[in-house]
Peer 1: 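I'd like to ask you about the structure that follows.
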Amino acid sequence: MQVTQNLCILGATGSIGCNTLNVVANHTDKFNVFALTGNAQISKLAEQIIQFQPSFAVVPTERAAKALKELLNSQANSTEILFGKQALCDIASHEDVTTVMSAIVGAAGLMPTLAAVKSGKRVLLANKESLVMSGELFINAVSEHGAVLIPIDSEHNAIFQCLPHDFTYADKASSGISHLLLTASGGPFRTLPLNEFASVTPAQACAHPNWSMGQKISIDSASMMNKGLEFIEAKWLFGLNEDDIKVVIHPQSTIHSMVQYVDGSVLAQMGNPDMRTPIAHGLSYPERMTSGVQPLDFSALHNFSFEEPCSERFPNLYLAMQASRDGQSATTALNAANEQAVEAFLQNKINFLQINHVNNEVLDKMPIQNLSSLEGILAHDKHSRDIANAVIQNLC
Ligand code: NDP
Ligand code: MG
């Protein structure tokens with residue numbers, strides 16, 4: 001990339017946001033940090049503002065804006081502080097922004113990411129939930145508004161790297177693609193005895209063996225709902241059908257995903273499990289730049305193993321695959337239910353196995369219907385959350 005990109009990082013204070021700033025700090029000739037957003041971690045945001053001196057910062061409330069200004073105490077006079085949900089959308093679609101890193105967690109990322117898409121930005125998508133919630137509407141908006149969508153989720157970024165350069169959506173047959181292989185680590189409970197699942201703690205579920213990530217995605221990885229969400233994400237990103245996507249457990253997390261071709265070739269993307277690689281790839285695409293990640297040391301890789309995910313151990317994965325087949329209303333409902341259930345598990349209101357129970361109950365109760373408008377999707381999301389909360393309340 002020759003031209004400096006003006007970067008807006010939605011969710012700068014999170015795991016992906018911090019990794020993005022870590023990469024960008026070594027490439028100040030290519031990237032200007034134009035806007036940063038945070039939610040609860042105001043002091044972390046203040047530190048980032050002081051280091052990167054963005055033109056704008058966004059926080060959730062007027063009170064948070066006041067607290068941030070006090071923390072900055074004139075150390076970043078040129079940064080304008082905005083607040084509220086509309087400000088997130090305004091900044092993501094600001095005319096001076098060229099590139100948006102979408103790294104807010106959960107459904108809260110949908111509206112600002114869509115705002116970036118609708119203003120034709122280069123959108124680096126980490127927030128998989130927005131695509132699970134609104135799949136077709138989101139992908140249609142990308143092509144309608146000339147946005148450039150680059151996957152940051154490591155599996156999808158790996159597949160993006162293994163697909164033909166000229167691959168366009170729904171181009172599977174002419175490209176000779178047999179299917180995609182999404183790899184999964186299996187998370188911290190891959191070998192845990194099944195009778196111990198009900199008593200695992202949030203801390204155990206968050207202790208991922210290979211990746212360091214935010215809390216919500218860590219819990220999703222432990223239940224393999226994360227792979228289920230990624231299955232749906234892959235379907236929309238690459239314009240394929242459910243039968244074209246397979247999931248395989250690869251506990252070493254060295255292969256980040258693969259594309260199998262009809263001639264028997266399998267292209268895999270490998271590397272150390274560090275999100276700075278897909279982030280640097282997305283930022284610099286179609287060029288390459290350093291990410292700060294250590295090169296893969298093959299002499300230290302003792303084995304590569306692969307397993308089928310077991311449906312008894314990981315029911316959420318299969319629930320998500322079925323929801324994908326059932327269509328938009330099911331994936332919107334599942335995403336909403338799962339967010340509420342994970343939050344309740346983190347607050348020790350329900351146990352780990354009950355996450356799946358809540359998801360199942362919501363999918364059973366929500367009607368399968370045609371959802372084509374944003375209003376319809378948001379109403380369906382709200383209704384699903386209400387049901388999830390009622391189920392959680394009963395379990396408490
Ligand atoms: P974190 O929880 O670490 O960070 C989430 C970010 O979103 C924080 O900046 C947080 O602010 C902000 N945020 C939370 N709630 C709101 C809200 N209601 N409104 C506005 N901002 C909010 O998550 P991760 O960085 O781990 O994940 C971010 C996204 O990227 C998720 O969708 C995840 O699935 C995806 N992803 C993450 C990977 C990883 O390695 N972490 C890998 C692949 C995908 P604050 O911290 O200030 O409260
Ligand atoms: Mg992933």
Side-chain angles (χ1 to χ4, degrees), residues 8-22 35-49 57-61 64 67-68 71 82-89 91-92 101-113 115 123-133 150-160 182-187 206 208 210-221 224-234 237 247 250 253 255-257 269 272-279 282 293 335 338-339 342-343 346:
C8 164
I9 306 180
L10 300 170
T13 46
S15 167
I16 293 287
C18 291
N19 275 318
T20 304
L21 286 170
N22 181 292
L36 296 175
T37 86
N39 196 48
Q41 300 192 76
I42 300 301
S43 11
K44 194 184 224 179
L45 185 62
E47 285 166 25
Q48 294 177 337
I49 293 170
V58 184
V59 290
T61 59
L68 180 58
L71 282 170
L82 310 174
F83 64 88
K85 288 183 183 161
Q86 186 55 45
L88 284 176
C89 296
I91 210 65
M101 170 58 80
S102 165
I104 289 176
V105 62
L110 175 64
M111 296 307 280
T113 308
V123 178
L124 312 184
L125 187 72
N127 174 257
K128 66 194 84 183
E129 295 93 341
S130 56
L131 206 44
V132 172
M133 266 181 93
I150 302 180
I152 296 300
D153 209 348
S154 59
E155 296 76 4
H156 306 73
N157 183 269
I159 289 166
F160 183 59
L182 280 179
T183 54
S185 69
C206 280
H208 197 282
N210 305 338
W211 296 93
S212 160
M213 309 180 284
Q215 277 190 324
K216 196 254 174 187
I217 184 174
S218 297
I219 305 296
D220 283 348
S221 298
M224 272 189 85
M225 174 55 86
N226 183 49
K227 210 51 53 183
L229 299 178
E230 291 181 355
F231 181 91
I232 301 162
E233 182 185 14
L237 277 175
V247 174
H250 164 53
S253 296
I255 295 177
H256 300 311
S257 277
Q269 187 266 351
N272 283 316
D274 187 322
M275 285 307 294
R276 289 176 299 171
T277 295
I279 289 169
V293 175
N335 181 65
N338 185 61
E339 280 191 34
V342 168
E343 187 58 36
L346 283 168

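Both ligands and their constituent atoms are indexed starting at 1 by order of listing. Along the sequence shown, the residues carry numbers beginning at 1.
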Peer 1: Using modelled atom types and a 3.5 Å cut-off, is there a donor and acceptor pairing between side-chain atoms of Asn39 and backbone atoms of Val59?
Peer 2: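 Between the backbone of Val59 and the side chain of Asn39 there is no qualifying donor-acceptor contact (under 3.5 Å).
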Peer 1: Closest non-hydrogen protein atom to atom 13 (N) of ligand 1, residue and atom name please, with distance?
Peer 2: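 Of every protein heavy atom, Asn39 CB, 3.7 Å lies nearest to atom 13 (N) of ligand 1.
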Peer 1: Could you check atom 3 (O) of ligand 1 against the protein and tell me its nearest heavy-atom contact, residue, atom and distance included?
Peer 2: Ser15 N, 2.9 Å
Peer 1: Among all the protein's non-hydrogen atoms, which is closest to atom 9 (O) of ligand 1, and how far away is it?
Peer 2: Thr13 OG1, 2.8 Å
Peer 1: In this structure, does ligand 1 have an atom that sits under 4.0 Å from one of the heavy atoms of Lys128?
Peer 2: yes
Peer 1: Report yes if some N/O of Gly11 lies less than 3.5 Å from some N/O of ligand 1; otherwise report no.
Peer 2: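 Right, the criterion is met.
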Peer 1: With a 4.0 Å heavy-atom cut-off (strictly under), which part of Met275 contacts ligand 1: side chain, backbone, both or neither?
Peer 2: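 For Met275, only side-chain atoms sit under 4.0 Å from ligand 1.
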Peer 1: Out of all atoms in ligand 1, which are within 4.0 Å of some heavy atom of Glu129? Include the element for each.
Peer 2: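 With Glu129 as reference, the close atoms of ligand 1 come out as 31 (C), 32 (O), 34 (O).
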Peer 1: Short list, please: which atoms of ligand 1 are under 4.0 Å from a heavy atom of Gly14?
Peer 2: 1 (P), 3 (O), 4 (O), 8 (C), 9 (O), 25 (O)
Peer 1: Quick one: which ligand 1 atoms are inside 4.0 Å of a heavy atom on Ala108?
Peer 2: 17 (C), 18 (N), 19 (N)
Peer 1: Would you name the N/O/S atom of Asp153 that lies closest to the Mg ion (ligand 2)?
Peer 2: OD1
Peer 1: So, the side chain of Asp153 versus the backbone of His156: is there a donor-acceptor pair under 3.5 Å, distance only?
Peer 2: no
Peer 1: Rounded to the nearest 0.5 Å, what separates atom CD1 in Ile150 from atom CE in Met101?
Peer 2: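 The distance works out to 9.5 Å.
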Peer 1: Ala126 heavy atoms, cut-off 4.0 Å: which ligand 1 atoms fall inside?
Peer 2: 30 (O), 32 (O), 35 (C), 36 (N), 44 (C)
Peer 1: Measure from the side-chain N and O atoms of Ser257 to the backbone N and O of Thr183, and report whether any donor-acceptor pair falls under 3.5 Å.
Peer 2: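 Flag set: sc Ser257 to bb Thr183 pair under 3.5 Å.
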Peer 1: Could you tell me which non-hydrogen atom of Ala103 sits nearest to which non-hydrogen atom of Gly17, and how far apart they are?
Peer 2: CB-N, 4.3 Å
Peer 1: Give the atoms of ligand 1, by number and element, whose distance to some non-hydrogen atom of Asn127 is under 4.0 Å.
Peer 2: 32 (O)
Peer 1: Looking only at heavy atoms, what is the nearest atom pair of Met224 and Gly186, with distance?
Peer 2: SD-CA, 4.4 Å
Peer 1: Please report the closest heavy-atom contact between Ile217 and Gly214, naming both atoms and the distance.
Peer 2: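 Looking at all heavy atoms of both residues, the shortest contact is CG2-O, 3.4 Å.
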Peer 1: Where do Lys44 and Thr13 come nearest, in terms of heavy atoms and distance?
Peer 2: NZ-O, 3.2 Å
Peer 1: Considering only heavy atoms, which of Thr113, Ile104, Asn19 lies nearest to atom 20 (C) of ligand 1?
Peer 2: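 Going through Thr113, Ile104, Asn19 one by one, Ile104 has the nearest heavy atom to atom 20 (C) of ligand 1.
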Peer 1: Return the residue, atom name and 0.1 Å-rounded distance of the protein heavy atom closest to atom 43 (C) of ligand 1.
Peer 2: Asp153 OD1, 3.1 Å
Peer 1: Among all protein heavy atoms in this structure, tell me which lies nearest to atom 6 (C) of ligand 1, with the distance rounded to 0.1 Å.
Peer 2: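 For this ligand atom, the closest protein heavy atom is Ala103 O, 3.5 Å.
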Peer 1: Measure the distances from the heavy atoms of Pro60 to every atom of ligand 1 and state whether one is below 4.0 angstrom.
Peer 2: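 Outside the 4.0 Å threshold, so no.
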Peer 1: Regarding atom 25 (O) of ligand 1: of the candidates Ile16, Ile217, Ile279, which has the closest heavy atom?
Peer 2: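 Residue with the shortest heavy-atom distance to the ligand atom: Ile16.
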Peer 1: What's the shortest heavy-atom distance between His256 and Pro273, and which atoms?
Peer 2: CE1-CA, 4.0 Å
Peer 1: Is there side-chain contact between Ser154 and Met275, with heavy atoms separated by less than 4.5 Å?
Peer 2: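 In contact.
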Peer 1: Round to 10° and report the angle made at the Mg ion (ligand 2) by OE2 of Glu230 and OE1 of Glu155.
Peer 2: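 It is 100°, given to the nearest 10°.
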Peer 1: Nearest protein heavy-atom contact for atom 2 (O) of ligand 1: which residue, which atom, what distance?
Peer 2: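 Protein heavy atom with the smallest distance to atom 2 (O) of ligand 1: Gly214 CA, 4.0 Å.
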Peer 1: Supply the atom-to-atom distance Asn338 CG to Met225 CE, rounded to the nearest 0.5 angstrom.
Peer 2: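 Here the interatomic distance stands at 4.0 Å.
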Peer 1: How long is the straight-line distance from CD1 of Ile16 back to CD1 of Ile104, given to the nearest 0.5 Å?
Peer 2: 13.0 Å
Peer 1: At what distance is the nearest protein heavy atom to atom 48 (O) of ligand 1, and which residue and atom is it?
Peer 2: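 Heavy-atom neighbour on the protein nearest atom 48 (O) of ligand 1: Ala40 N, 2.8 Å.
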Peer 1: What pair of heavy atoms forms the shortest contact from Pro112 to Ala92, and how long is it?
Peer 2: O-CB, 3.4 Å
Peer 1: In the protein, what heavy atom is nearest to atom 14 (C) of ligand 1, and what distance, to one decimal place, separates them?
Peer 2: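 Scanning the protein heavy atoms, the shortest distance from atom 14 (C) of ligand 1 goes to Val105 CG1, 3.8 Å.
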